[in-house]
Amino acid sequence: MDIELPAAITVRELADLMRRSPIELIKELMNAGVMANINQQIDYDTAAIVAEEMGFHVVEPTVEEPVVEEQAEAAPVATRPRREYSAEEVKFLRTRPPVVTILGHVDHGKTSLLDVIRRSSVQASEVGGITQHIGAYQVDVKGQRITFLDTPGHEAFAAMRARGASVTDIAVLVVAADDGVQPQTREAIAHARAAQVPIVVAINKMDLAAANPDHVKQQLSDLGLVPEDWGGETICVPVSARTKAGIDVLLDTLLIVAEMADLKANPRATAEGVVVEGRLDRARGAIATLLLQEGTLEVGDTIVVGTTYGRIRAMFDYTGAPLAKAGPSTPAVVMGLREVPAAGDTFTEVANERRAREIVAERIEEQQAKSAGATSALTLDEIFAQAQAGKVQSLNLILKADVQGSLEPIRQSLEQIEVKDLSVTFVHEGVGNVAESDVQLAVAANAVIIGFSVGVDASAERLAAAEGVDIRLYDIIYRVIEDVEKALTGMLEPEYAEVLQGRAVVRQVYRISRVGIIAGSQVTEGRASRSAIARIMRNGELIHRGRVSSLKRFTEDVREVAAGLECGIGVDGLNDLQEDDVIEFYTREIVG
């Protein structure tokens with residue numbers, strides 16, 4: 001068949017011209033040694049060679065076309081470290097569907113986009129059905145499958161990674177064209193980067209009059225995600241979940257990114273994978289959504305999941321239809337486990353229930369031993385010793401500050417610190433209190449959290465204590481820089497941590513002459529202590545810190561007040577207080 005080519009043409013245009021799949025064309029380009037993505041331009045000679053290889057006869061153009069300068073070759077897709085296969089296993093490898101997670105800021109259309117993609121509505125799902133909240137779905141695109149993980153957001157994504165689960169192959173970052181990059185967008189980018197997966201940006205809500213995709217692209221470029229049409233490597237696809245415009249292009253793009261990543265698995269191997277989510281059904285017992293990563297799982301198989309096990313009595317696909325077996329990248333809802341597993345738990349097929357019981361007993365024993373020992377999480381005190389032992393090459397930091405203006409000078413100062421090839425790397429930065437999602441990211445990325453003039457959410461504090469995450473709080477910039485420098489050189493002095501003792505809510509404010517402000521309060525958590533340091537929080541922000549100067553129950557001075565009781569509290573230097581302010585009581589203790 002004859003075909004006429006211009007002097008330059010994009011991969012997509014050439015595929016359309018030849019009426020072939022863009023994936024076929026990209027494969028042929030890769031065979032010719034050219035790494036190109038769907039939107040990249042290729043020159044006449046390259047297009048002609050590939051077209052002839054695909055059975056076309058190239059006709060010389062009748063009109064001379066202006067020569068367009070060839071763009072640089074696209075870098076190979078950066079993916080998370082791959083599993084190593086033996087020479088015997090390699091011959092059994094087969095291409096598997098990509099596993100895609102959709103991330104982004106709240107209200108930017110993640111759920112709507114996923115609804116359109118799988119051509120159904122989550123909100124309309126039948127209550128009580130086996131597929132309710134299964135958390136994973138598959139769609140067919142031109143004869144190929146894509147598996148989507150329906151997570152509530154990047155918190156769940158991070159929680160799974162924190163448990164050692166490397167599940168996702170591609171992250172789709174949804175950004176609203178009218179709203180641009182928001183704080184949760186930045187967090188989602190940090191999580192995707194920590195997972196070492198390629199990011200495809202879906203610029204959603206393009207149907208709105210206020211849509212400004214160029215502004216979004218500029219914001220993404222400032223974060224290191226330079227769009228392809230701006231000379232970078234990040235694929236940006238304009239879409240509208242409402243009108244369904246651009247959805248087909250997005251799906252084609254995901255298949256191409258997956259093709260370049262060359263995703264394979266061994267369906268003959270021992271079945272193993274990850275728990276997407278688990279729940280307890282009153283009628284059916286423990287139900288778990290599993291994502292197969294290797295091997296093939298069948299009804300009747302026995303599996304070990306975290307610290308529980310069971311023989312699979314029934315298995316269903318994402319539509320609720322019975323499933324006899326499931327292969328790599330396939331989500332399967334299973335029944336038969338003795339207990340509900342946690343999201344991120346890994347599972348493995350074993351020979352029988354006796355072997356399963358032995359493995360579970362060993363794992364429980366290991367967990368008990370580990371909990372009795374020291375935490376393995378990275379701390380500022382240990383960075384020097386770990387670097388000397390060759391375990392780390394950089395200090396990963398998550399930086400939270402009270403205002404945007406504080407982030408830049410702290411970051412610039414810390415980035416300049418380098419001691420014997422040991423440098424500082426920023427995993428994420430943002431404005432506001434240290435939140436639970438920050439701690440989850442710190443666990444996943446083995447990072448230390450530094451807070452500047454901010455507090456720590458109660459849930460974040462509890463998770464950090466459980467996971468051994470190091471949170472450092474500062475009010476003076478030079479002390480941040482000084483501590484990091486000392487940590488990198490092994491000269492950091494013992495850390496004094498502020499340990500939360502209790503919280504109280506201000507119910508009434510009294511101003512007493514020669515005494516000052518007294519907070520008529522109710523202790524809501526823990527205990528109020530006369531020997532503590534007090535932090536005054538208003539709408540989640542720190543407004544004052546000082547020592548507790550007085551603590552009274554009615555007219556009597558007391559040392560402590562337990563939760564549920566009312567008291568009068570005085571704090572040194574306090575001159576601004578309102579009803580509903582929260583008083584947090586801390587003591588300083590040496591860590592380690």
Side-chain angles (χ1 to χ4, degrees), residues 155 183-184 187 398-407 410 429-440 442 449-466 469-477 479-480 496-511 516-552 560-589:
E155 294 87 353
Q184 280 185 308
E187 288 186 30
I398 292 171
L399 177 61
K400 298 299 291 286
D402 54 342
V403 292
Q404 193 70 35
S406 299
L407 291 172
I410 296 174
E429 59 184 78
V431 174
N433 282 350
V434 176
E436 189 173 353
S437 62
D438 297 316
V439 179
Q440 290 171 335
I449 299 175
I450 287 182
F452 182 77
S453 294
V454 295
V456 182
D457 291 348
S459 58
E461 203 152 27
R462 287 192 291 270
L463 183 61
V469 171
D470 191 5
I471 301 178
R472 302 284 180 129
L473 302 177
Y474 298 88
D475 291 317
I476 304 171
I477 289 181
R479 292 209 180 277
V480 180
Y496 286 87
E498 292 184 330
V499 180
L500 180 67
Q501 302 296 326
R503 287 186 173 88
V505 176
V506 177
R507 302 300 186 196
Q508 197 166 352
V509 179
Y510 302 95
R511 297 182 183 273
I517 293 177
I518 297 296
S521 310
Q522 182 176 28
V523 181
T524 58
E525 181 182 339
R527 66 183 188 278
S529 174
R530 173 69 178 78
S531 60
I533 301 166
R535 278 185 176 173
I536 314 300
M537 309 295 292
R538 181 175 299 161
N539 298 322
E541 294 184 1
L542 176 69
I543 64 168
H544 180 73
R545 175 160 49 189
R547 286 206 161 273
V548 177
S549 57
S550 64
L551 184 64
K552 290 179 180 287
E560 289 184 354
V561 178
L565 301 179
E566 295 181 343
C567 59
I569 304 166
V571 179
D572 286 342
L574 183 62
N575 53 28
D576 177 23
L577 192 67
Q578 297 177 8
E579 290 182 14
D580 296 325
D581 284 350
V582 176
I583 303 176
E584 298 181 338
F585 298 88
Y586 286 82
T587 55
R588 285 174 57 83
E589 298 177 11

Peer 1: Side chains of Val506 and Gln578, heavy atoms from C-beta outward: is any pair under 4.5 Å?
Peer 2: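 The answer is no; the side chains never approach within 4.5 Å.
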Peer 1: So which atom in Glu566 and which in Val561 form the shortest heavy-atom distance, rounded to 0.1 Å?
Peer 2: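 Nearest heavy atoms, Glu566 then Val561: O-CG1, 4.3 Å.
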Peer 1: Rounded to the nearest 0.5 Å, what separation is found between the OG atom of Ser521 and the CG atom of Asp581?
Peer 2: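 Between atom OG of Ser521 and atom CG of Asp581 there are 9.5 Å.
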Peer 1: Would you say the side chain of Leu463 lies within less than 4.5 Å of the side chain of Val469, judging by non-hydrogen atoms?
Peer 2: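 Not touching, per the 4.5 Å side-chain cut-off.
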Peer 1: Roughly how far, to the nearest 0.5 Å, is CG of Leu577 from NE2 of His544?
Peer 2: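 One finds 9.5 Å between NE2 of His544 and CG of Leu577.
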Peer 1: Do Arg530 side-chain atoms and Ser549 backbone N/O form a donor-acceptor pair below 3.5 Å?
Peer 2: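 Pair found, side chain donor or acceptor close to backbone of Ser549.
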Peer 1: Counting N and O atoms only, with roles assigned by atom type, does the side chain of Lys400 sit under 3.5 Å from a partner on the main chain of Asn433, one being a donor and the other an acceptor?
Peer 2: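 Checking the backbone N and O of Asn433 against the side chain of Lys400, a donor-acceptor pair under 3.5 Å is found.
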Peer 1: May I have the step-by-step check of side-chain contact (heavy atoms from CB on, under 4.5 Å) for Glu429 and Ile410, ending in yes or no?
Peer 2: CA-CA 11 Å; Glu429 59 184 78; Ile410 296 174; over 6 Å; no
Peer 1: Looking at Leu500 and Glu525, what are the two nearest heavy atoms and their distance?
Peer 2: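 The answer is CD2-OE2, 4.2 Å.
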Peer 1: Taking Ile583 as the fixed residue, which of Val523, Ile536, Leu574 is the one that meets the side chain to side chain contact (heavy atoms under 4.5 Å, CB included) rule?
Peer 2: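 Exactly one pass, corresponding to Ile536.
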Peer 1: Would you compute the distance between atom CG of Leu473 and atom CZ of Phe452 and round it to the nearest 0.5 angstrom?
Peer 2: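 Rounded to the nearest 0.5 Å, the CG-CZ separation comes to 11.5 Å.
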Peer 1: Can you find a pair of side-chain heavy atoms, one from Arg535 and one from Ile533, that are under 4.5 Å apart?
Peer 2: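 In short, these two side chains do not touch, never coming nearer than 4.5 Å.
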Peer 1: If you measure from CG on Asp402 to CG on Asp475, what distance do you get to the nearest 0.5 Å?
Peer 2: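 It comes to 9.0 Å.
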Peer 1: Mind checking the CD-CD spacing from Glu187 to Gln440? Nearest 0.5 Å is all I need.
Peer 2: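 CD of Gln440 is found 10.0 Å from CD of Glu187.
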Peer 1: Heavy atoms only: give me the nearest Ala401-Val454 pair and the separation to one decimal.
Peer 2: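 Where Ala401 meets Val454 most closely, the heavy atoms are C-CG1, 3.3 Å.
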Peer 1: Enter the distance from Arg507:CZ to Asp580:CG here, rounded to the nearest 0.5 Å.
Peer 2: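 Going from CZ on Arg507 over to CG on Asp580, the span is 7.0 Å.
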Peer 1: Restricting to non-hydrogen atoms, name the atom on Phe585 and the atom on Ser529 that form the minimum distance, rounded to 0.1 Å.
Peer 2: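 Heavy-atom minimum between the residues: CD2-N, 3.8 Å.
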Peer 1: How far apart are the closest heavy atoms of Cys567 and Leu551, and which atoms are they?
Peer 2: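 That closest heavy-atom pairing would be SG-CD1, 4.0 Å.
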Peer 1: Would you check if Val431 and Pro183 make a side-chain contact, meaning some heavy-atom pair closer than 4.5 Å?
Peer 2: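 In short, these two side chains do not touch, never coming nearer than 4.5 Å.
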Peer 1: Is any side-chain heavy atom of Ile518 closer than 4.5 Å to a side-chain heavy atom of Ser550?
Peer 2: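 In contact.
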Peer 1: Shortest non-hydrogen contact from Ala460 to Glu436?
Peer 2: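 The answer is CB-N, 3.6 Å.
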